[in-house]
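The analysis underlying the following values was restricted to heavy atoms, covering all of them including side chains, and did not include hydrogens, waters or symmetry mates. Here, residue 1 is the first one in the sequence, and each next residue gets the next number.
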Amino acid sequence: MKTMKKSYWIGFSLLEISYWSFHASFLGFLMSYLLSKGISNTVVSMFLASNLLAALLGSFVWGMVCDRFRTNRKVSVFCFLAAGVLMYLIYFSYESVPVLAVLYPLLGFVCLPNATNIDSWLLLTCGNNLAVYGKIRCLPSLFFAVTSVVLGRLISGWGYYFMLIFGTFFLLTGIAAAVMLPDGGNMGREREAQEKKVREGGFSMHSLKQVFSVHSYRYLILILLLVGLAVAPMNNLKATVLQSVGGTVSDLGLDAFICAIVQVPFIAIADRMERYSLRLRYVMITVLPLLAMVLAFGAVSPVMVFAGSFLLNVSVGILLPTMRSVTERNVTPAFRNLGHNIADGVYNSVAGIISLLYSGIVIDLFGVKRMLLICILIISIAAMITCGNAFCHWRAGLWRHGKQYLS
């Protein structure tokens, strides 16, 4: 297992904190900001769907750029700079829906894939040491939590312009951290040899075939899609869910705090989570969101939504290191940036696009409860698949054990 220099540890911690604190500062309150300007749930959900569609495209593009040119640093700096420009343009363009319809997907294209780029960069530098990854990756969740609750209070008391103040600060610190870190091009011999073949052959469908060549990775993608379809409406339309039970923008910040802080201990012990059966982790990843959806469906106050968010983000704390480790183990080193981007793209973008195309309309026409009921049905399918798989494996194990005992 590879360890990291102290300076790299500090640099990646600052980089991760900066990205996710920017996410909390701007993206976390952007929907609430637009709703406060009189834009409907249907329009906002369409904006979010276009944002995620662009993020999916960006995941492929930036993943291939990182793998092809062996650089994570230049991609990260460019994405930070572009996100800063788009942040100001979106904030001051709320009166023009057509302009927002163009800017919103551009933000998704450059901003959301940068999270995967940074995680891939960190895993590459630490040699896939999950102990190092977990301890660094848990820090941004903590700062995301603090930023969300503090900014929620400031916005509630003084206005949404604090989004720009916080967002600008974290973008600048992110750029500074990225510039100081070693690039992802400093790789081992195995990856160097494989990437030479990639550069000689170029990118084609062969890249995707390589990424999807292992059953374990394909199974991961299926689970990510189903879980993403269920949780995306609740996560992206959380402001509306809270408003339906009397919540405010301050409650939105508190909910984001709970969501982020719960993930911290599970991500921090990512290496220890590997000791548990992958099937058991998949069960938890699907059953806990199901319980969260049921709580949200029956909620009569923000407290029950908070309880659901707690359970949902326990599953996220297990999901994140699991999807990273499954990808690292099953995807050819030369295509790992692409593999991570596809996994994130399916969970965050593909699932989000599909669900947001109908969820905003369902809320406007039938209410929040009907939308949550659809989410419960979807996550139930995922839970049945993982529980059934775990049960079949357990029963097969008992049969083999009994056969050995009788023989």
Side-chain angles (χ1 to χ4, degrees), residues 12 15-16 18-20 22-23 26-27 48-87 102-125 128 133 137 140 170-171 174-175 177-179 181-187 191 194-195 198-199 201-208 210-212 217 221 224 228 320 323-324 327-328 331-353:
F12 275 108
L15 183 61
E16 292 273 13
S18 298
Y19 173 83
W20 286 106
F22 167 73
H23 195 287
F26 188 68
L27 294 176
L48 286 170
S50 68
N51 179 279
L52 295 175
L53 177 60
L56 176 64
L57 177 61
S59 295
F60 284 96
V61 171
W62 298 122
M64 288 183 176
V65 168
C66 289
D67 286 330
R68 174 66 178 83
F69 297 102
R70 299 168 55 224
T71 177
N72 295 87
R73 179 170 56 195
K74 292 176 182 178
V75 169
S76 185
V77 170
F78 173 80
C79 289
F80 272 127
L81 289 171
V85 173
L86 291 167
M87 175 181 70
V102 174
L103 296 177
Y104 223 113
L106 288 176
L107 182 64
F109 183 81
V110 299
C111 188
L112 297 182
N114 197 24
T116 313
N117 172 44
I118 293 171
D119 272 11
S120 300
W121 188 3
L122 170 57
L123 284 165
L124 180 60
T125 305
N128 196 28
Y133 171 79
R137 186 58 182 80
F170 289 120
L171 283 172
I175 292 171
V179 169
L181 285 166
D183 208 341
N186 300 325
M187 304 175 181
R191 184 155 184 168
Q194 294 196 42
E195 292 215 342
V198 172
R199 290 195 300 274
F203 280 96
S204 63
M205 289 301 294
H206 174 69
S207 302
L208 295 179
Q210 287 291 323
V211 171
F212 284 99
Y217 183 78
I221 296 300
L224 290 177
L320 179 62
M323 62 191 288
R324 295 289 180 246
T327 302
E328 288 287 320
V331 176
T332 303
F335 299 105
R336 279 180 186 161
N337 275 304
L338 180 59
H340 287 302
N341 274 280
I342 290 174
D344 280 20
V346 167
Y347 179 69
N348 294 311
S349 300
V350 174
I353 293 163

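Residues Asp119 and Tyr19 are not in side-chain contact: their nearest non-hydrogen atoms beyond the backbone lie 4.5 Å or more apart. Side-chain contact between Asp344 and Leu112 is absent, with no heavy atoms from C-beta onward closer than 4.5 Å. Side-chain contact check for Thr327 versus Ile342: every heavy-atom pair is 4.5 Å or farther apart. Residues Cys66 and Asn117 have side chains in contact (heavy-atom distance under 4.5 Å, counting atoms from C-beta outward). Using a 4.5 Å heavy-atom cutoff, the side chains of Leu181 and Arg73 are not in contact. Counting only heavy atoms from C-beta outward, the side chains of Trp62 and Asn114 never approach each other to under 4.5 Å. Residues Pro105 and Leu53 fail the side-chain proximity criterion, which asks for heavy atoms closer than 4.5 Å. Residues Leu48 and Tyr104 have side chains in contact (heavy-atom distance under 4.5 Å, counting atoms from C-beta outward).
Taking CD1 of Ile175 as the start and CZ of Phe80 as the end, the distance is 7.0 Å to the nearest 0.5 Å. Remark: Cys111 SG to Leu171 CG distance equals 8.0 Å, nearest 0.5 Å. Taking CZ from Arg137 and CG from Leu320, the interatomic distance works out to 5.0 Å, rounded to the nearest 0.5 Å. For the atom pair Leu123 CG and Glu328 CD, the distance stands at 5.0 Å (nearest 0.5 Å).
When all heavy atoms are compared, the tightest approach of Ser59 to Gly345 is OG-CA, 4.1 Å. Heavy-atom minimum distance, Ser76 versus Leu15: OG-CD1, 4.2 Å. Shortest non-hydrogen contact noted between Ala49 and Ile353 is O-CG1, 3.4 Å.
Here the side chain of Tyr217 pairs a donor or acceptor atom with the backbone of Gly339 at under 3.5 angstrom. In terms of modelled atom types and a separation under 3.5 Å, the side chain of Ser120 and the main chain of Thr116 share a donor-acceptor contact.
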Going through the checks in order, is the side-chain contact (heavy atoms from CB on, under 4.5 Å) test met by Phe26 and Leu107?
CA-CA 11 Å; Phe26 188 68; Leu107 182 64; 3.9 Å; yes
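Partner of Val350 under the side-chain contact (heavy atoms from CB on, under 4.5 Å) criterion, chosen from Leu224, Leu56, Leu52: Leu56.
Checked against a 6.0 Å centroid threshold, the rings of Trp20 and Phe170 do not count as neighbours.
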